Amino acid sequence: MSDELLVVRCQLGEREAFAELVRGWHPAVERYVGRMLGWSDDDVVQEVWLAVPRGLPRLRQPDRFTPWLFTIARRAVMNRLREAYARPESEPIEDLPGDDEAEGVVNRETLAGALAALPAAPPVLPRADPLPANRGVLRRPRSAVWGA
């Protein structure tokens, strides 16, 4: 049976027609939602199927059911993404320094051992005084330097 006929039957209130419509389109809607979100989300798919019977009476062109259905799916995905972005994710709190004194002692001992294993730094040499400006430098004309 064509989708157009099923839509008209759904608009007339036939439950079996709606069940058949869901059976035929559920896998495609599920794939679409999964691809849009990047993960499978049964709640979003369920929201789509809850919106379909509410909107079917207003669907004036039953032959446009497919784009209409996927518009509902796209809006449900966008609503889910808006909710996810509006709600900040809490980051897990890791062990704070000082929570465990024994761990702090071990960390200090490890650090002290690592520092002791480093080679000794070379001695610091005193800075040489720079040459006074233009002292010992011969000035030549640019033509002599560049060969022109």
Side-chain angles (χ1 to χ4, degrees), residues 1-131 133 137 142-148:
M1 184 174 307
S2 75
D3 289 339
E4 187 175 346
L5 183 58
L6 283 173
V7 169
V8 171
R9 287 177 52 204
C10 287
Q11 289 174 328
L12 294 173
E14 289 186 36
R15 290 178 185 252
E16 184 55 38
F18 182 70
E20 196 172 329
L21 210 58
V22 171
R23 274 192 300 274
W25 283 101
H26 184 78
V29 169
E30 201 169 32
R31 276 191 311 274
Y32 180 78
V33 167
R35 286 185 179 162
M36 290 283 287
L37 288 173
W39 67 86
S40 178
D41 194 331
D42 293 336
D43 290 340
V44 174
V45 175
Q46 194 171 32
E47 287 174 26
V48 171
W49 289 115
L50 287 173
V52 168
R54 281 183 267 156
L56 267 176
R58 292 187 304 272
L59 181 61
R60 295 177 191 261
Q61 296 174 314
D63 60 324
R64 302 284 300 153
F65 172 74
T66 303
W68 177 81
L69 174 65
F70 284 99
T71 299
I72 292 173
R74 182 179 49 83
R75 288 182 180 157
V77 166
M78 298 307 283
N79 289 341
R80 174 54 50 100
L81 291 173
R82 256 188 235 109
E83 290 171 9
Y85 289 126
R87 194 173 349 115
E89 264 188 50
S90 60
E91 294 185 23
I93 299 175
E94 296 181 19
D95 292 336
L96 298 174
D99 281 354
D100 186 6
E101 284 187 40
E103 187 176 318
V105 170
V106 170
N107 287 342
R108 281 191 293 270
E109 288 177 1
T110 304
L111 181 60
L115 288 174
L118 289 175
V124 178
L125 301 174
R127 258 182 99 163
D129 290 332
L131 288 175
V137 178
R142 274 194 193 139
S143 59
V145 174
W146 295 103

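No experiment lies behind these values; they were computed from the predicted model shown.
Within the structure, salt bridge (charged side-chain N to carboxylate O under 4.0 Å, His left out) pairs that include any residue of residues 39-53 comprise Asp41-Arg80, Glu47-Arg80 (at least two apart or interchain).
Partners of Arg54 according to the side chain to side chain contact (heavy atoms under 4.5 Å, CB included) rule, which considers only residues two or more places apart in sequence or in another chain, are Leu50, Ala51. Contacts of Glu30 classified as salt bridge (Lys or Arg N to Asp or Glu O under 4.0 Å), with partners at least two apart in sequence or in another chain: none. For the side chain to side chain contact (heavy atoms under 4.5 Å, CB included) test, no residue two or more places apart in sequence or in another chain qualifies with Arg35.
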For residues 67-79, dump all side-chain donor-acceptor pairs below 3.5 Å to protein atoms at least two apart in sequence or in another chain.
unit_1 : atom_1 : unit_2 : atom_2 : d
Thr71  : OG1    : Pro67  : O      : 2.7
Asn79  : OD1    : Arg82  : NH1    : 2.7
Asn79  : ND2    : Arg75  : O      : 3.3

Below 3.5 Å, can you tabulate the donor-acceptor pairs from side chains in residues 2-23 to any protein atom, sequence neighbours excluded?
unit_1 : atom_1 : unit_2 : atom_2 : d
Ser2   : OG     : Leu5   : N      : 3.2
Asp3   : OD1    : Trp25  : NE1    : 3.4
Asp3   : OD2    : Trp25  : NE1    : 3.1
Arg9   : NE     : Glu14  : OE1    : 2.7
Arg9   : NH2    : Glu14  : OE1    : 2.8
Gln11  : NE2    : Leu56  : O      : 2.7
Gln11  : NE2    : Leu59  : O      : 2.7
Glu16  : OE2    : Arg23  : NH2    : 3.1

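Contact annotation: the side chain of Val29 approaches that of Trp49 to within less than 4.5 Å [non-hydrogen atoms, C-beta and beyond].
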